[in-house]
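Take a look at the structure below.
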Amino acid sequence: MTAILTHRPDQPFDLDRTLDCGQAFRWVKADGWWQGVVGGRAIRIRQEGDRLIYSGADEAFIRDYFRLDQDLPAILASIDRDPTIADAIRRCYGLRVVRQPPWECLVSYICATNTNIPAVKRRISLLSERYGSAIGGASWAAHTFPEPERLAALCHADLRDCRLGYRTDYVSSAAVFAAEHPGWAEQIAALPYEDARREMMRLRGVGPKAADCTLLFAFGFFEAFPVDVWIRRIVAEAYMPELRGRTCTPAEYDRIRLFARDYFGEYAGYAQEYLYCARPGPFPCG
DNA sequence: CCCCAGGTGAATA
DNA sequence: TATTCACATGGG
């Protein structure tokens, strides 16, 4: 069953930029439709102006996942502090930070260390196809993302065969942890940002970057400002010219994220995502 | 052969 | 506390 959602013209939303910017890894565009799996739902969706045509989920779920009730113009106005971020806002206007399922998001960003986006997509796709559950009724071969228990039960070789490389043990131990602590996500969500961050970083393979990405993209801690090689490059050029070299030490990571939190405000995470999407890289925001 | 990619952990001084 | 290095994988 296909449904139509008309969102308010004063609440901009750009589906392509939102799903193509590298925050979520399971969406594929085919024949003008975005296809993806979120929380066990096989969703198809496309945009025509201010209308969203979709199937596989109800309106409440679509609104929640894409955060359509978040006041995006107010958020963008709050971070719009200089020509650099203004240009990123102009180029990526309508991008929204989605609300990802915590477990899948955590594994995704463990899989995203020292690699590139296509490789992350491949890993998450392989994990789902091989160890997720098939979803009936979809127009394509849709699979859920495997539960922690399923991944925790796999042998090292089977997990590594999903092209996880040296991240295999990290994903495995995170799966054991999540299976043994079913309430982990609710506990993280209930903490203040800095405490939640410390807790996340207790997991093997989860450093500042993976923690901040999960906190921003799954838990909605919008003050999180993940610093990857691209963001470091952009920040060094536009805001902190004193940064030298190309490696991001822990102390330097903290300097950058605390600067950004102070400079852009409580929605620094949105500034991060717009700067990232507008980067002069392989997937620039049109 | 090289370097790079949404980094992190361990060893070392 | 700050450097340095290895790590699997795939693309250019």
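Computed from a predicted structure; not experimentally measured. Lettering of chains follows the sequences in order, A, B, ..., and the numbering in each one begins at 1.
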message: Taking B/dC2 as the reference, what is the distance to C/dC5 when you measure between their P atoms (whole Å, please)?
response: 16 Å
query: So do the side chains of A/Thr18 and A/Gln23 get within less than 4.5 Å of each other, counting heavy atoms only?
result: yes
message: Whole angstroms only, please: what is the CH2-C1' distance between A/Trp230 and B/dC4?
response: 9 Å
query: Which residues satisfy the side chain to side chain donor-acceptor pair (under 3.5 Å) test with A/Arg26, sequence neighbours excluded?
result: A/Ser128
field: Set of side chain to side chain donor-acceptor pair (under 3.5 Å) partners for A/Glu194, sequence neighbours left out
entry: A/Arg257
message: Nearest whole Å is fine: how far is B/dG7 P from A/Asp254 CG?
response: 17 Å
task: Measure the distance from CZ on A/Arg279 to P on B/dC4 and round it to the nearest whole Å.
output: 17 Å
query: Nearest-Å distance, CD1 (A/Ile231) to P (B/dA5)?
result: 13 Å
message: By nearest heavy atom, map A/Tyr170 and A/Tyr109 onto DNA chain B; which one lands nearer the 5' end?
response: A/Tyr109
message: List the residues meeting ring-ring contact (aromatic ring centres under 6.0 Å, His included) with A/His156, not counting sequence neighbours, and say none if there are none.
response: none
Mind listing the N/O atom pairs, protein and nucleotides 9-11 of chain C, below 3.5 Å?
residue: C/dG10; atom: OP1; partner: A/Arg122; partner atom: NH1; Å: 2.7
residue: C/dG10; atom: OP1; partner: A/Arg163; partner atom: NE; Å: 2.9
residue: C/dG10; atom: OP1; partner: A/Arg163; partner atom: NH2; Å: 3.3

statement: In whole angstroms, the gap separating C1' of C/dA8 from CD1 of A/Ile110 amounts to 16 Å
message: What is the distance, to the nearest angstrom, from the CG atom on A/Asp228 to the C1' atom on B/dC4?
response: 13 Å
message: Please classify the nucleic acid contact of A/Glu252 as base, sugar-phosphate, or nothing, using heavy-atom distances under 4.0 Å.
response: nothing
query: In chain order, what residues pass the ring-ring contact (aromatic ring centres under 6.0 Å, His included) check against A/Tyr170, with sequence neighbours excluded?
result: none
task: Not counting sequence neighbours, which residues clear side chain to side chain donor-acceptor pair (under 3.5 Å) with A/Asp158? List them please.
output: none
Show me, pair by pair, the donor-acceptor contacts under 3.5 angstrom made by side chains of residues 234-241 of chain A, not counting sequence neighbours?
residue: A/Tyr239; atom: OH; partner: A/Asp82; partner atom: OD1; Å: 3.1
residue: A/Tyr239; atom: OH; partner: A/Asp82; partner atom: OD2; Å: 3.0

message: For the P atoms, the ones on B/dA11 and on C/dA8, what distance do you get once it is rounded to whole angstrom?
response: 15 Å
Non-hydrogen side-chain atoms of A/Leu106 and A/Leu203 separated by less than 4.5 Å: yes
task: Could I get the full list of side chain to side chain donor-acceptor pair (under 3.5 Å) partners for A/Asp262, not counting sequence neighbours?
output: none
- prompt: Base, sugar-phosphate alone, or nothing: which one does A/Arg233 contact when heavy atoms must sit under 4.0 Å apart?
  reply: sugar-phosphate
message: Can you check the distance between B/dC1 and C/dA6, where both ends of the measurement are the P atom (answer in whole Å)?
response: 16 Å
- request: Please list residues of residues 197-214 of chain A whose heavy atoms come under 4.0 Å from any atom in DNA chain B, ordered by number; otherwise none.
  value: A/Leu203, A/Arg204, A/Gly205, A/Val206, A/Gly207, A/Pro208, A/Lys209, A/Ala210
message: Tell me the interatomic distance from A/Phe225, atom CZ, to B/dG7, atom P, rounded to whole angstroms.
response: 14 Å
